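Comments concern the structure below.
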Amino acid sequence: MQLLSGYLNHPQQTALLEEIRAIVAKAPLFTPTMPRWGKPFSVRMSNCGPLGWVSDKSGYRYEETHPVTGEPWPAIPDSLMVLWDEVTGYSHSPQACLINYYSADAKMGLHVDSDEKDMKAPILSISLGDDARFRLGGTERSAATKSFLLRSGDILILDGADRMAYHGVDRIDAGTSALLREPGRINLTIRRVTLP
DNA sequence: GAGTCCCT
DNA sequence: TGGT
């Protein structure tokens with residue numbers, strides 16, 4: 001894991017936020033549901049890139065189109081493609097940028113990102129808005145976990161053994177950032193999905 | 001083939 | 001932590 005605290009300055013954060021707003025205007029946030037029993041997530045999602053991560057009763061998967069509009073996902077902004085090269089050094093392009101919107105009371109249980117075929121590619125995470133209490137464990141669910149704060153502008157890279165580690169968000173500290181108009185947090189996770 | 005759900 |  002690499003945590004690059006305050007990697008994005010305020011103007012960079014607002015510029016990125018505007019790009020995300022434009023994407024979400026075309027590909028609206030949807031509410032994913034749990035496989036099998038259909039319980040809704042508290043986090044709402046959208047995506048950009050050739051592939052987008054979705055979840056519904058039939059399971060987790062990557063899709064080329066939005067589950068509600070049926071339209072292809074908007075492209076990943078150039079700034080994020082450049083950032084990927086800059087901070088990951090991974091020689092193959094990312095294919096999916098999952099946009100997670102956390103309202104003040106949203107959380108994300110411990111899980112492993114394992115729907116990608118290219119598990120050698122790192123996952124690049126960008127935080128915008130309110131602080132998140134992030135939790136990182138090991139590759140076994142029973143392993144010890146550590147918790148730390150993710151702040152607006154921070155970049156987290158899940159690589160090496162941590163690529164397969166359990167992680168989640170315990171809570172959002174509402175009102176800790178003024179970047180968004182409302183309390184809440186946007187998290188971007190940029191991934192390579194298929195084998196190069 | 002289940003799972004980022006919930007809960008303690 | 002582990003059943004669902």
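Remember, predicted model here, so these are calculated numbers, not experimental data. Proteins come first, then strands; the chains are lettered A, B, ... in the order of their sequence lines, and each starts at number 1. All values below come from the heavy atoms of this structure, side chains included, with hydrogens, waters and symmetry mates left out.
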*What's the verdict on side chain to side chain donor-acceptor pair (under 3.5 Å) for A:S147 and A:R133, showing C-alpha distance, side-chain angles and the deciding distance?*
CA-CA 7 Å; A:S147 133; A:R133 300 197 199 169; over 6 Å; no
Students often get this wrong, so: under 4.0 angstrom with heavy atoms, is [X] touching a base, only sugar-phosphate, or nothing?
{"X": "A:G38", "value": "nothing"}
{"X": "A:R141", "value": "base"}
{"X": "A:G109", "value": "sugar-phosphate"}

_Please give me the minimum heavy-atom distance between A:A96 and A:L51, naming the atom from each residue._
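Where A:A96 meets A:L51 most closely, the heavy atoms are CB-O, 3.2 Å.
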*Of all heavy-atom pairs between A:L149 and A:R151, which one has the smallest distance, and what is that distance?*
CD2-NH2, 3.3 Å
*Is there a Watson-Crick or G-U wobble partner for B:dT8 with both distances under 3.5 Å, and if so, which one is it?*
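Looking at the geometry, B:dT8 pairs with no nucleotide.
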*Once you apply the 3.5 Å cut-off to both distances, tell me the Watson-Crick or G-U wobble partner of B:dG1, or none.*
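Check on B:dG1: unpaired, no WC or wobble geometry under 3.5 Å.
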Whole angstrom is fine here: how far is it from [atom1] in [X] over to [atom2] in [N]?
{"X": "A:Y166", "N": "C:dG2", "atom1": "OH", "atom2": "C1'", "answer": "11 Å"}
{"X": "A:K107", "N": "B:dC5", "atom1": "NZ", "atom2": "P", "answer": "8 Å"}
{"X": "A:K57", "N": "B:dA2", "atom1": "NZ", "atom2": "C1'", "answer": "16 Å"}
{"X": "A:Y60", "N": "B:dT4", "atom1": "OH", "atom2": "C1'", "answer": "4 Å"}
{"X": "A:Y102", "N": "B:dC5", "atom1": "OH", "atom2": "C1'", "answer": "14 Å"}
{"X": "A:W37", "N": "B:dC7", "atom1": "CH2", "atom2": "C1'", "answer": "13 Å"}
{"X": "A:D105", "N": "B:dC6", "atom1": "CG", "atom2": "C1'", "answer": "15 Å"}
{"X": "A:R36", "N": "B:dC5", "atom1": "CZ", "atom2": "C1'", "answer": "13 Å"}

*Transitive ILVMFWY side-chain link A:M108 to A:V54, under 4.5 Å*: yes
*Going only through I, L, V, M, F, W and Y residues with side-chain contacts under 4.5 Å, is there a path from A:I157 to A:L150?*
no
*asked:* Rounding to an integer number of angstrom, what distance separates B:dC6 and B:dA2 when you compare their C1' atoms?
replied: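 Each nucleotide's C1' atom is 16 Å from the other's.
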